[in-house]
Amino acid sequence: MERILAAAKAIAAARRSRAPLKALPKDVVPRDEAEGYRVQYALHDLLLEQVGSLVGYKIGCTSAVMQEYINIPHPCGGGVFEKVVHDSGVKLPAADFVHVGVECEIAVRLARNLAPGEAPFTAEWVAEAIEAYYPAIEIVDDRYVKWETLGAPTLIADDFFAAGCVLGEAVPRITAPDLREVAGRAIVNGKEEGRGTGADVLGHPHNALAWLANHLAAEGRGLHAGQIVMTGSLVKTVWLKAGDTVVMELDGLGKVEAAFT
């Protein structure tokens, strides 16, 4: 446990100071992904004052384009926190991040709990637990000296690049289109920088949600009514600079905007 806490403290210190994280010391670096998640949970406690309470989760590496980009062939999870969930139209200082980026996503809000005792979950099962969808921007932060050298356990420990999200207007599940057919476009300063469809997210975003519910259940954790889940990017991450304006358009779900000043 001392190793876990030491790793979490090192990551928390880097997050608070916005100092690019180097490789963790060899005696505390998480040895595998399971240990990476243990560090992540300890980190959440340490960052509570800074980012607020856990209000949901993000899922990374759910599309082929992102798995190839990050070079991790399976999904990974991280936290979503109260103080960094924003409404469409928000203006955020680019200086609040080390190197801010954005991803085009479909977010969900849960209508009921998904308790660990109910596992294993299927896409059909978790679909019934969804209250609404949102067009969403995931805000990510490359807060590393060289993320390509850190490996999945350390990236997982640091919430897998998570830095917040921006949500558009909610669309009730019963009126939403078939998510597999939803086309998403990432537009920066009026120029399209990437596009994809809901089918690019593990075949269907509900598959990503089922993965998360099963992953948490394996650790005795559940999802809760009202929580937000970012299901994964339809496009490759777009890295930004100060002054950039971002619009994500998702057919049938609407659009969501943010500016980084």
Side-chain angles (χ1 to χ4, degrees), residues 55-67 69 75 77-78 80 84-92 100-111 123 126-140 160-212 226-240 244-260:
V55 295
Y57 293 89
K58 61 81 54 85
I59 314 170
C61 282
T62 57
S63 63
V65 66
M66 288 304 299
Q67 289 179 359
Y69 180 47
V80 172
V84 291
V85 177
H86 309 282
D87 292 328
S88 183
V90 68
K91 295 182 179 180
L92 299 170
V100 68
V102 290
E103 298 175 355
C104 178
E105 306 213 5
I106 298 169
V108 308
R109 184 177 72 236
L110 297 177
V126 298
E128 296 300 317
I130 294 170
E131 181 177 8
Y133 303 104
Y134 298 87
I137 298 169
E138 186 186 354
I139 306 169
V140 294
F160 215 75
F161 298 90
C165 63
V166 186
L167 302 179
E169 293 292 326
V171 177
R173 177 173 63 87
I174 58 173
T175 63
D178 182 345
L179 297 190
R180 290 170 297 188
E181 305 297 326
V182 170
R185 290 172 296 281
I187 300 166
V188 179
N189 302 327
K191 179 184 177 184
E192 183 177 302
E193 296 290 350
R195 65 167 56 207
T197 68
D200 294 328
V201 179
L202 295 183
H204 194 297
H206 293 168
N207 291 328
L209 181 59
W211 173 86
L212 177 66
Q227 286 188 322
I228 299 295
V229 177
M230 306 289 290
T231 58
S233 186
L234 281 60
V235 305
K236 185 177 175 180
T237 306
V238 182
W239 299 105
L240 305 178
D244 284 347
T245 298
V246 178
V247 178
M248 301 298 184
E249 297 179 343
L250 291 111
D251 292 345
L253 295 180
K255 68 178 183 178
V256 56
E257 306 179 31
F260 294 85

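Each residue takes its place number in the sequence, starting with 1.
In this structure, CG in Leu250 is found 12.0 Å from NZ in Lys255, a value given to the nearest 0.5 Å. In this structure, NE2 on His204 lies 9.0 Å from CD on Glu181, to the nearest 0.5 angstrom. Within the model, atoms CE of Met66 and CG of Asp200 stand 12.5 Å from one another, a figure rounded to the nearest 0.5 Å. Expressed to the nearest 0.5 Å, how far OH of Tyr133 lies from CG of Leu253 amounts to 9.0 Å.
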| request: For side-chain contact (heavy atoms from CB on, under 4.5 Å), just list the numbers for Leu240 and Val188, CA-CA rounded to whole Å, side-chain angles, deciding distance to a tenth of an Å, and then say yes or no. | output: CA-CA 9 Å; Leu240 305 178; Val188 179; 4.0 Å; yes

| message | Could you go through Phe260 and Val102, starting from their C-alpha distance and side-chain angles, then the distance that decides it, and tell me whether this counts as side-chain contact (heavy atoms from CB on, under 4.5 Å)? | response | CA-CA 11 Å; Phe260 294 85; Val102 290; 4.0 Å; yes

| query | Should His206 and Leu179 be marked as a side-chain contact (heavy atoms from CB on, under 4.5 Å) after you check the CA-CA gap, both sets of side-chain angles, and the distance that decides it? | reply | CA-CA 9 Å; His206 293 168; Leu179 297 190; 3.9 Å; yes

| task | Report the C-alpha distance between Arg185 and Asp251 in whole Å, list the side-chain angles of each, state the deciding distance to 0.1 Å, and finish with yes or no for side-chain contact (heavy atoms from CB on, under 4.5 Å). | result | CA-CA 9 Å; Arg185 290 172 296 281; Asp251 292 345; 2.9 Å; yes

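When all heavy atoms of Val201 and Gly232 are compared, the pair lying nearest together is CG2-O, 3.8 Å. The two residues Gly198 and Ile106 make their nearest non-hydrogen contact at CA-CD1, 4.4 Å. When all heavy atoms of Val84 and Ala163 are compared, the pair lying nearest together is CB-O, 3.9 Å. Between Ala123 and Asn207, the closest heavy-atom pair is CB-OD1, 3.2 Å. Tyr134 and Ala170 make their closest contact through CE2-CB, 3.6 Å (heavy atoms, listed as atom of the first residue, atom of the second, distance). Contact between Val80 and Met230 at its shortest, heavy atoms only, is CG2-CG, 4.2 Å.
For the residue pair Glu103 and Thr237, a side-chain donor N or O sits within less than 3.5 Å of a side-chain acceptor on the partner.
Proximity of Val100 to Ile139: side-chain heavy atoms (C-beta onward) are separated by under 4.5 Å at one or more points. The shortest distance between side-chain heavy atoms of Ile228 and Val85 does not fall below 4.5 Å. Taking 4.5 Å as the limit, some side-chain heavy atom of Pro75 sits within range of a side-chain heavy atom of Leu202. Val166 has its side chain out of reach of Glu257: every pair of non-hydrogen atoms, C-beta onward, lies at least 4.5 Å apart. No side-chain heavy atom of Leu234 sits less than 4.5 Å from a side-chain heavy atom of Ser63. Side-chain contact between Val235 and Glu193 is absent, with no heavy atoms from C-beta onward closer than 4.5 Å.
Salt bridge status for Glu128 with Arg173: present, with a side-chain N to carboxylate O gap under 4.0 Å.
With hydrogens and angles ignored, the 3.5 Å screen pairs no side-chain donor or acceptor of Glu138 with any backbone N or O of Cys165. A donor-acceptor contact shorter than 3.5 Å links the side chain of Thr62 to the backbone of Thr231. At least one donor-acceptor pair under 3.5 Å links the side chain of Lys58 to the backbone N or O of Phe160.
Enclosure of atom CD in Glu192 by more than 12 non-hydrogen atoms of other residues, nucleotides or ligands within 6.0 angstrom is indicated. For CG of Asp87, the number of neighbouring non-hydrogen atoms (other residues, nucleotides, ligands) closer than 6.0 Å is 12 at most.
Just one of Leu209, Val126, Ile130 meets the side chain to side chain contact (heavy atoms under 4.5 Å, CB included) condition when paired with Val229; it is Leu209.
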